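In what follows, a structure is listed as structure tokens, so that the remarks can point back to it.
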2 protein chains.
Amino acid sequence: MISLDADSSPTPEELPPEIDGLRMTKQRREVFSVVLAERDHPTANDVFSRSQKRMPTISLATVYNCLEALVSHGLVRQVNFEREPSRYCPNLSDHCHFQDEKTGTIHDVVFKEGVNLADFLELPQGTEVSHLEISLKGRIGSN
Amino acid sequence: MISLDADSSPTPEELPPEIDGLRMTKQRREVFSVVLAERDHPTANDVFSRSQKRMPTISLATVYNCLEALVSHGLVRQVNFEREPSRYCPNLSDHCHFQDEKTGTIHDVVFKEGVNLADFLELPQGTEVSHLEISLKGRIGSN
DNA sequence: CTTCGAATTAGAATAATTCCAATTATTGCT
DNA sequence: AGCAATAATTGGAATTATTCTAATTCGAAG
Ligand SMILES: [Mn+2]
Ligand SMILES: [Mn+2]
Ligand SMILES: [Zn+2]
Ligand SMILES: [Zn+2]
């Protein structure tokens with residue numbers, strides 16, 4: 001488990017050569033460190049341009065490949081808002097997303113103490129939920 | 001308000017010439033009636049091919065235009081699952097969506113009696129939610 | 001009827017993502 | 001270390017849902 005202090009996110013070099021059975025190549029470390037570095041839910045393109053700063057030869061296809069690898073190994077979450085480009089989130093704790101309609105900014109939203117969504121849904125008997133996405137949009141405070 | 005009995009959905013001809021300030025053209029009535037006819041959450045393409053049966057000259061662009069008009073006037077809901085093509089839902093009551101991973105089928109899921117989502121989210125003070133989408137995926141019962 | 005804004009249409013354009021085939025890197029042996 | 005097998009990366013082409021454009025048609029109002 002990678003530690004996720006708000007202030008010190010790992011540089012690519014600090015990431016181990018394998019996480020959770022996923023081989024951490026140079027590119028995957030770069031992409032992962034970019035996603036870990038800021039909690040602003042970047043798009044694949046954002047990740048691409050940030051990665052290019054340290055690794056000018058990385059390709060967009062590789063960024064997509066790396067993100068897909070990280071997502072499918074559960075190291076990064078993919079976040080969707082309607083038909084917008086996917087965004088990527090390093091916060092693995094149980095949370096959902098709120099998009100400020102004014103700025104487009106996406107904020108993590110946590111569930112209140114001890115709440116389990118399935119408890120509030122009239123799910124068919126014996127349903128097994130493997131994936132859940134909650135996306136909200138609106139205005140914040142006095143904006 | 002259009003009545004929505006599970007068994008008798010309106011034919012295009014039965015729809016009024018205007019709903020909720022939206023002029024119901026021949027095409028919009030056709031598209032709306034297709035969405036109302038079945039609760040299977042069709043894609044724009046599904047709606048297009050079903051509409052073509054009764055109206056062979058309708059175009060896909062028009063189907064997109066009509067769906068957009070219906071959605072923005074609140075007569076139809078647009079439903080998204082990850083990066084899949086949007087689907088359209090005639091059920092305006094408060095509900096969310098569950099996709100059976102095995103078949104791809106989408107089911108409406110209602111909230112349990114008196115549940116209000118905002119009640120269990122730690123939303124920033126003064127947040128006004130204008131749009132909310134909850135999408136679940138998984139296996140059903142003994143499949 | 002005529003007018004005129006709105007809706008429809010076919011087809012082109014867009015844009016996020018995926019695919020492909022070639023190259024390069026890494027791993028696991030001997 | 002050398003070598004073969006396997007996996008990852010790359011640039012560019014392809015895909016595909018959706019949007020745009022510009023021309024035509026429709027339809028409500030006068
Ligand atoms: Mn996901
Ligand atoms: Mn919506
Ligand atoms: Zn997040
Ligand atoms: Zn529905």
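Every value quoted in this text rests on a predicted model; they were computed, and no experiment measured them. By convention in this document, chain letters (A, B, ...) are assigned in the order of the sequence lines, proteins followed by strands, and residues within each chain are numbered from 1.
- Rounded to an integer number of Å, the gap from A:Arg29 CZ to C:dA25 P is 15 Å.
- In summary, the side chains of B:Ser86 and B:Asn80 do present a donor paired with an acceptor at a separation below 3.5 Å, with no hydrogens or angles considered.
- Applying the salt bridge (Lys or Arg N to Asp or Glu O under 4.0 Å) test to B:Glu128 and every residue at least two apart in sequence or in another chain returns nothing.
- For A:Glu38, the salt bridge (Lys or Arg N to Asp or Glu O under 4.0 Å) criterion is met by no residue, not counting sequence neighbours.
- B:Leu132 has its side chain within reach of A:Ile134: a pair of non-hydrogen atoms, C-beta onward, lies under 4.5 Å apart.
- Side-chain atoms of B:Glu101 and A:Ser130 form a donor-acceptor pair, as typed in the model, at a separation below 3.5 Å.
- Of the residues in residues 52-59 of chain B, B:Thr57, B:Ile58, B:Ser59 come within less than 4.0 Å of DNA chain C through at least one heavy atom, sorted by number.
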* Asked: Going through the checks in order, is the salt bridge (charged side-chain N to carboxylate O under 4.0 Å, His left out) test met by B:Lys137 and B:Glu84?
  -> CA-CA 13 Å; B:Lys137 266 188 203 234; B:Glu84 294 175 29; 3.0 Å; yes
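- For B:Phe120, the ring pair (Phe, Tyr, Trp, His ring centres under 6.0 Å) partners are A:Phe120, not counting sequence neighbours.
- In the helix from C:dC1-D:dG30 to C:dT30-D:dA1, the terminal helix axes, each the rotation mapping four pairs' C1' atoms onto the next four within five end pairs, subtend 30°, rounded to 10°.
- Considering only residues two or more places apart in sequence or on other chains, B:Gln52 meets the side-chain hydrogen bond (donor to acceptor under 3.5 Å, both in side chains) condition with none of them.
- For residues 14-30 of chain A, no residue pair satisfies the salt bridge (charged side-chain N to carboxylate O under 4.0 Å, His left out) rule, not counting sequence neighbours.
- For the salt bridge (charged side-chain N to carboxylate O under 4.0 Å, His left out) condition, the pairs that include at least one residue of residues 40-55 of chain A, sequence neighbours left out, are A:Glu13-A:Arg54, A:Asp40-A:Arg50.
- Among residue pairs with one or both ends in residues 106-123 of chain B, those qualifying as side-chain hydrogen bond (donor to acceptor under 3.5 Å, both in side chains) are B:His41-B:Asp108, B:Asn91-B:Asp108, B:His95-B:Asp108, B:His97-B:Asp108; sequence neighbours excluded.
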* **Under 4.0 Å protein heavy-atom contacts per nucleotide of nucleotides 13-22 of chain C, with B for base, S for backbone only and - for none** => ---SBBB---
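- Phosphate contact (OP1/OP2 of C:dA25, side-chain N/O of A:Gln27, threshold under 4.0 Å): absent.
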* To do: Go along nucleotides 22-30 of chain D 5' to 3' and tag each nucleotide: B for a protein heavy atom under 4.0 Å from its base, S when only backbone or sugar atoms are that close, - otherwise.
  => -----S---
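- In terms of phosphate contacts, A:Thr25 brings no side-chain nitrogen or oxygen within less than 4.0 Å of OP1 or OP2 of C:dA25.
- The closest side-chain heavy-atom distance from B:Met24 to B:Phe32 is below 4.5 Å.
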Return all side-chain donor-acceptor pairs below 3.5 angstrom for residues 63-75 of chain B, not counting sequence neighbours, or 'none' if the list is empty.
from    : atom 1 : to      : atom 2 : distance (Å)
B:Asn65 : ND2    : B:Ala61 : O      : 3.4
B:Ser72 : OG     : B:Glu68 : O      : 3.1
B:Ser72 : OG     : B:Ala69 : O      : 3.3

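- When the side-chain nitrogen and oxygen atoms of B:Thr62 are compared with OP1 and OP2 of C:dT9, one or more of them lie within a distance under 4.0 Å.
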